[in-house]
Amino acid sequence: RDEVGSLSESFNIMAGEIEASTLSLKKSAASLENAQRIAHLGNWDWDIANNTLHWSDEIYRIFGLRPDEFEATYTSFLNYVHPEDRELLEKAVNEAVQENRPYSVDHKVVRPDGRVRIVHEQGEVLRDENGRAISMSGTVQDVTEQKKTEDELVKLSAAIEYSVNVIFITSAGGYIEYVNPMFETVTGWTKEEAIGKNASIISSGETTQAQYEELWQTILAGKTWRGSFKNKKKDGTPYWGTAVITPIKDKKGEITHFLAVQEDVT
């Protein structure tokens with residue numbers, strides 16, 4: 001009886017430890033799934049020999065699929081890759097397998113409802129003792145919104161770069177941090193020469209103190225100032241410009257920079 005009792009006690013202790021470990025694993029799995037959902041980042045494993053895929057729940061959400069709608073193979077996965085990007089992705093995967101190096105690529109996927117998402121995918125190869133590629137593991141992250149923001153920034157940057165107006169950005173203290181090509185053309189100051197200098201380098205010295213006070217009171221109050229200046233180029237030649245100066249604020253509402261747009265109306 002003592003032996004049976006001791007064995008039962010040991011069994012109960014072991015069962016308790018297994019239950020605690022199982023509960024801990026479930027919590028960890030739930031935490032991982034929640035983290036992937038928040039980051040729009042899923043993980044996958046591909047058994048190369050058997051051509052079978054395992055996707056985390058987040059990848060199914062990114063692709064707009066349910067597990068029962070997807071034949072978990074590499075070939076089936078490729079069917080959801082946008083035709084424009086399929087060759088790019090296959091090349092990256094093949095090079096990773098053949099050259100034993102990780103791959104990282106952005107590509108589009110087409111959901112069953114026709115909507116297109118952009119994902120960032122990366123993977124690494126696992127090899128056996130003979131150097132044969134046996135599996136790959138990696139991640140897929142939905143970066144659609146990030147790419148849209150990047151595209152908008154590219155368009156905005158192009159609009160500023162090719163603008164027919166003089167555009168420059170200064171710090172809150174008035175020191176130049178950016179100038180567009182038209183600034184260089186009109187003022188004679190190159191980007192390298194202008195950046196770091198105070199915006200007063202284009203001041204003619206003929207603007208009254210009252211005008212400057214009005215300007216600074218307006219923009220430091222967070223409002224846009226509009227007016228005309230008599231400016232001067234690097235060589236001292238004067239030019240007239242109508243200007244719009246707008247404060248740029250951070251998320252806290254504090255002014256960090258000023259955007260100046262001038263039209264040469266000489």
Side-chain angles (χ1 to χ4, degrees), residues 35 38-41 104-106 108 117-120 122 141-266:
I38 293 171
H40 305 295
L41 174 71
S104 178
V105 65
D106 292 342
K108 298 184 290 293
R117 305 297 292 178
I118 303 172
V119 301
H120 175 72
Q122 48 190 17
Q141 184 173 23
D142 188 338
V143 294
T144 306
E145 301 309 318
Q146 177 183 330
K147 287 296 180 181
K148 285 182 180 178
T149 301
E150 289 177 0
D151 288 344
E152 289 175 0
L153 288 173
V154 168
K155 292 175 185 177
L156 177 61
S157 176
I160 293 175
E161 285 287 302
Y162 296 107
S163 175
V164 295
N165 293 322
V166 171
I167 299 175
F168 59 99
I169 298 173
T170 75
S171 65
Y175 291 92
I176 297 173
E177 294 187 4
Y178 166 84
V179 301
N180 73 339
M182 187 55 67
F183 178 97
E184 297 178 288
T185 301
V186 171
T187 69
W189 290 92
T190 66
K191 180 180 293 188
E192 292 74 20
E193 291 172 330
I195 290 177
K197 289 185 170 62
N198 194 280
S200 60
I201 60 171
I202 60 172
S203 173
S204 66
E206 297 183 26
T207 303
T208 66
Q209 185 65 27
Q211 286 177 294
Y212 275 126
E213 287 179 0
E214 180 201 356
L215 185 159
W216 279 104
Q217 285 175 1
T218 301
I219 60 178
L220 289 176
K223 300 176 183 178
T224 297
W225 181 89
R226 293 173 175 83
S228 297
F229 281 125
K230 183 180 180 181
N231 299 313
K232 69 174 181 181
K233 301 181 180 183
K234 182 182 177 182
D235 62 6
T237 305
Y239 74 95
W240 283 91
T242 58
V244 176
I245 302 177
T246 304
I248 300 174
K249 300 179 182 179
D250 61 17
K251 293 180 179 179
K252 297 178 182 178
E254 298 177 356
I255 297 172
T256 59
H257 296 82
F258 294 110
L259 169 65
V261 181
Q262 291 186 354
E263 181 182 4
D264 184 357
V265 294
T266 306

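This one's a predicted model, so the numbers in the text were calculated from it and none came from an experiment.
- Between the side chain of Glu184 and the backbone N or O of Lys191, at least one donor-acceptor pair lies under 3.5 Å.
- Under the ring-ring contact (aromatic ring centres under 6.0 Å, His included) criterion, Phe258 pairs with Trp216, not counting sequence neighbours.
- Of the possible donor and acceptor atoms, one in the side chain of Thr149 sits under 3.5 Å from a partner among the backbone N and O of Glu145.
- By the 4.0 Å N-to-carboxylate-O rule, Lys155 lies too far from Glu152 to be salt-bridged with it.
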Quiz: residues 157-164 side-chain donor-acceptor pairs under 3.5 angstrom, not counting sequence neighbours:
{"from": "Glu161", "atom 1": "OE2", "to": "Tyr178", "atom 2": "OH", "distance (Å)": "2.5"}
{"from": "Ser163", "atom 1": "OG", "to": "Asn165", "atom 2": "N", "distance (Å)": "3.0"}

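- Remark: Glu177 CD to Ile169 CD1 distance equals 8.0 Å, nearest 0.5 Å.
- Remark: Ile195 CD1 to Glu193 CD distance equals 11.0 Å, nearest 0.5 Å.
- Ile245 contributes atom CD1, which lies 9.5 Å from atom OG1 of Thr218 (distance to the nearest 0.5 angstrom).
- From Met182, atom CE reaches atom OG1 of Thr187 across 11.0 Å, with rounding to the nearest 0.5 Å.
- With sequence neighbours left out, Asn198 forms a side chain to side chain donor-acceptor pair (under 3.5 Å) with Ser200.
- Using a 4.5 Å heavy-atom cutoff, the side chains of Asn231 and Ser204 are not in contact.
- Here the closest heavy-atom approach between residue Ser171 and residue His257 is recorded as CA-CD2, 4.0 Å.
- Atom NZ of Lys232 and atom CD1 of Ile201 lie 9.5 Å apart (nearest 0.5 Å).
- With a 6.0 Å radius and a threshold of 12 heavy atoms from other residues, nucleotides or ligands, Tyr175 has its OH atom at or below the threshold.
- Counting only heavy atoms from C-beta outward, the side chains of Gln211 and Phe229 never approach each other to under 4.5 Å.
- Side-chain contact between Ile202 and Phe168 is present, with at least one heavy-atom pair separated by less than 4.5 Å.
- Without hydrogens or angle criteria, Thr144 side chain to Ile118 main chain gives a donor-acceptor distance under 3.5 Å.
- Nearest heavy atom pair, residue Arg226 against residue Thr224, reads NH1-CG2, 3.8 Å.
- In terms of modelled atom types and a separation under 3.5 Å, the side chain of Thr266 and the main chain of Tyr239 share no donor-acceptor contact.
- Residues Gln146 and His120 fail the side-chain proximity criterion, which asks for heavy atoms closer than 4.5 Å.
- Of all non-hydrogen atoms in Thr170 and Ala199, the two that sit nearest each other are CG2-CB, 4.3 Å.
- Put simply, the side chain of Phe183 does not reach to within 4.5 Å of the side chain of Gln262, judged on heavy atoms.
- Heavy-atom minimum distance, Ala172 versus Ile255: CB-O, 4.0 Å.
- Atoms CD and CD1, from Glu263 and Ile167 in turn, are 11.5 Å apart once rounded to the nearest 0.5 Å.
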